[in-house]
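As the structure lists them, so they are numbered: ligands from 1, and atoms in each ligand from 1. Computed from heavy atoms alone, side chains included, the values below leave out hydrogens, waters and symmetry copies.
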Amino acid sequence: MSGPATPAPGLHSPVAPILRVRNLRKSYGPVRAVDGISFAVEAGTVFSLLGPNGAGKTTTVEILEGLRVPDAGEIELFGERVARVGPAQKARLGVLLQEAAFEPYLRVREVLVLFAAFYPRHRPPEELLDRVGLREKARALVRTLSGGQKRRLALAVALLNDPELLFLDEPTTGLDPQARRHTWDLLLELRREGKTVFLTTHYMEEAEALSDWVCIMDHGRILAEGSPRDLVGRFGPTTFVEFDLPPASFPALAARFPGQARQDGERGLLQVQDLARDLARLLSWAEEEGLALRNLLVRQPNLEDVFLALTGRRLRE
Ligand code: ATP
């Protein structure tokens, strides 16, 4: 007779997070940059801290990378409780800082060889140049690289020690759309290989496209967290209708659609449940008012809407 059925792996034992913080705090004088945040990052996932400029994202990652000492809070990294992140943990981390600068008169490959010397074991420079799409620039001087190419070189340096956990602070800022896509593909490939990626960004499309889990942060606090799908799912079966609207016409729109209308600069926005009915009502209202409703757009809610609903502000203001 066989024994009791073995539970599927992971079903009853919660997967241990690769990183967990509790009540993390850091102030600069009177500024509470990080004001008591807690979260956990599961291994093999892409985790994003999403927030506007000054939210406290960089301060948080710099603490987790061992570059800053927190005022208070607990950090558990690679299953071990640490007072601060030290050399033993750093050897297993990869870090892409917001502003990475390399010696301008070194060649691209030389930069990788130089940084590789810091590690007892490292990936081959050629492999990394291929991964970040810089192979044909291997002999180019750093000073001749574009901003986006420098960013990709910094990413190759971050991958040199084959890190288990990779911190990327705004990895695609300054990249053109093609280079951004290439970086996204690379991050998803790293995740498929079992790496964990910790991303900070203020591009909500980036967080939405890549993340398994998103923490939305503002003024040093976490306002909401969840998978992108769960976060936008909070709106329920809602559709947004957007169109050009002179601000002077907004009060009339709000009067016709009480509780559903929002003004966003020169755009009007309606949150609707019954699209066919409300679109028809909107079109007849516009006709009465003599408005053209240029650039009309019907779309599903996104993380920007979640942030706006939580704070009354846009992420990129
Ligand atoms: P960004 O998206 O602009 O990089 P962020 O979310 O990364 O912003 P932080 O750089 O962590 O935010 O900054 C959080 C707050 O702490 C801001 O008000 C910032 O001005 C302040 N701050 C950050 N670093 C310092 C510092 N070294 N000294 C004083 N204040 C600082």
Which of the atoms of ligand 1 are close to T58, meaning less than 4.0 Å from one of its heavy atoms? 4 (O), 5 (P), 7 (O), 10 (O), 11 (O)

Give a yes or no on whether E136 atom CD has more than 12 heavy-atom contacts from other residues, nucleotides or ligands under 6.0 Å away. yes

Take the angle between the ring planes of F102 and F115 and call it parallel below 30°, perpendicular above 60°, tilted in between. perpendicular

Under the criterion side chain to side chain contact (heavy atoms under 4.5 Å, CB included), which of R262, Q271, R234 is the partner of D305? R262

So, does D35 use its side chain to make a donor-acceptor pair with the main chain of H219 at under 3.5 Å? no

Do protein heavy atoms approach atom 19 (C) of ligand 1 to less than 4.0 Å? no

Any donor-acceptor pair under 3.5 Å linking the side chain of T201 with the backbone of Y203? yes

Tell me the closest heavy-atom pair linking P171 and T200, and the distance in Å. CD-O, 3.8 Å

for atom 9 (P) of ligand 1, nearest protein heavy atom and its distance come out as T59 OG1, 3.7 Å

Does E170 come within less than 4.0 angstrom of ligand 1, counting non-hydrogen atoms of the residue? yes

With a cut-off of 4.0 Å, which atoms of ligand 1 are near a heavy atom of H202? 2 (O)

Decide whether an N or O pair under 3.5 Å exists between A33 and ligand 1. no

If you have a sec, work out which protein heavy atom is nearest atom 23 (C) of ligand 1 and how many Å separate them, to one decimal? Y28 CE1, 3.3 Å

With a 4.0 Å cut-off, would you call E126 and R109 a salt bridge? yes

Could you see which bit of V31 sits under 4.0 Å from ligand 1, with heavy atoms only: side chain, backbone, both or neither? side chain

G56 touching ligand 1 at heavy-atom level, < 4.0 angstrom: yes

So, does P52 sit close enough to ligand 1 that a heavy atom of it is under 4.0 Å from the ligand? yes

So which atom in E65 and which in L93 form the shortest heavy-atom distance, rounded to 0.1 Å? CA-CD1, 4.2 Å

Shortest protein contact, atom 17 (C) of ligand 1 (heavy atom only): G54 O, 3.8 Å

Atom indices of ligand 1, in the order listed, that fall short of 4.0 Å to a heavy atom of N53: 1 (P), 2 (O), 3 (O), 8 (O)

Can you check which of K57, M217, E62, R68 brings a heavy atom nearest to atom 6 (O) of ligand 1? K57

Take atom CZ of R131 as the centre, draw a 6.0 Å sphere, and report whether it contains more than 12 heavy atoms from other residues, nucleotides or ligands. yes

